[in-house]
Amino acid sequence: MKGVVFYHSATGNTKLGLESMAKAFEKKGKELAVVPIKGSKLSDYKDVDFIGIGSPVFGWKVSPIVEDFLDRLTVFR
């Protein structure tokens, strides 16, 4: 099983948590790529089994960076 989690991390905590999750996946023989939203393209990860989003909460909602990324995704349309 292969997956990818696109993330935005203002302080590094989200990234740290996702990297820890990727290590747990690896111990189970699974692959999880942890990819920053900025500069990434979903089209580079067409062969994955699942896609995730990691983000801190800003004012009870996702950050504008994540919101913009989600708006540009065509996979959900």
Side-chain angles (χ1 to χ4, degrees):
M1 177 183 280
K2 281 175 52 173
V4 61
V5 178
F6 295 96
Y7 74 90
H8 166 65
S9 186
T11 64
N13 289 331
T14 300
K15 179 183 178 186
L16 183 65
L18 291 172
E19 287 173 343
S20 176
M21 191 165 73
K23 287 179 185 176
F25 268 67
E26 189 177 324
K27 286 180 182 179
K28 298 288 185 179
K30 314 296 182 195
E31 184 180 333
L32 181 64
V34 177
V35 181
I37 285 176
K38 284 189 175 183
S40 65
K41 291 185 268 183
L42 186 61
S43 60
D44 292 339
Y45 299 93
K46 288 186 177 185
D47 63 336
V48 297
D49 299 305
F50 67 92
I51 297 168
I53 304 289
S55 172
V57 176
F58 291 115
W60 299 96
K61 59 183 183 176
V62 298
S63 71
I65 292 168
V66 174
E67 194 169 2
D68 180 57
F69 180 74
L70 292 172
D71 286 344
R72 290 185 284 119
L73 291 181
T74 58
V75 71
F76 298 113
R77 294 184 185 149

* Asked: Rounded to the nearest 0.5 Å, how far does CZ of Phe69 lie from OG of Ser40?
  ->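 Output value for this atom pair is 4.5 Å.
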* Asked: Any side-chain heavy atom of Leu70 within less than 4.5 Å of one from Ile53?
  ->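 In contact.
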* What are the two closest heavy atoms between Pro56 and Ala10, and how far apart are they? ->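 So the two residues come closest at CG-N, 4.5 Å.
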* To do: Please state whether the rings of His8 and Phe58 are parallel, tilted or perpendicular, taking 30° and 60° as the class boundaries.
  =>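 Tilted, since the angle between the ring planes falls between 30° and 60°.
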List in chain and number order the residues that pass side chain to side chain contact (heavy atoms under 4.5 Å, CB included) with [X], two or more places apart in sequence or in another chain; answer none if no residue qualifies.
| X | result |
| --- | --- |
| Lys41 | Ser43, Asp44 |
| Ser55 | Val62, Ser63, Val66 |
| Glu31 | Lys2 |

* Asked: For Tyr7, which residues count as a ring pair (Phe, Tyr, Trp, His ring centres under 6.0 Å) partner, sequence neighbours excluded?
  ->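 Partners of Tyr7 by the ring pair (Phe, Tyr, Trp, His ring centres under 6.0 Å) criterion come out as none, since no residue qualifies.
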Can you give each donor-acceptor pair under 3.5 Å made by side-chain atoms of residues 12-27, sequence neighbours left out, with the distance rounded to 0.1 Å?
| residue | atom | partner | partner atom | Å |
| --- | --- | --- | --- | --- |
| Asn13 | ND2 | Thr11 | OG1 | 3.3 |

* Can you list every salt bridge (Lys or Arg N to Asp or Glu O under 4.0 Å) pair that touches residues 49-70, not counting sequence neighbours? ->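 Listed once each, the pairs are Asp68-Arg72.
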Do [X] and [Y] sit in the same hydrophobic cluster, where Ile, Leu, Val, Met, Phe, Trp and Tyr count as joined when their side-chain heavy atoms come under 4.5 Å apart?
| X | Y | value |
| --- | --- | --- |
| Val48 | Phe6 | yes |
| Ile65 | Val35 | yes |
| Val5 | Ile37 | no |

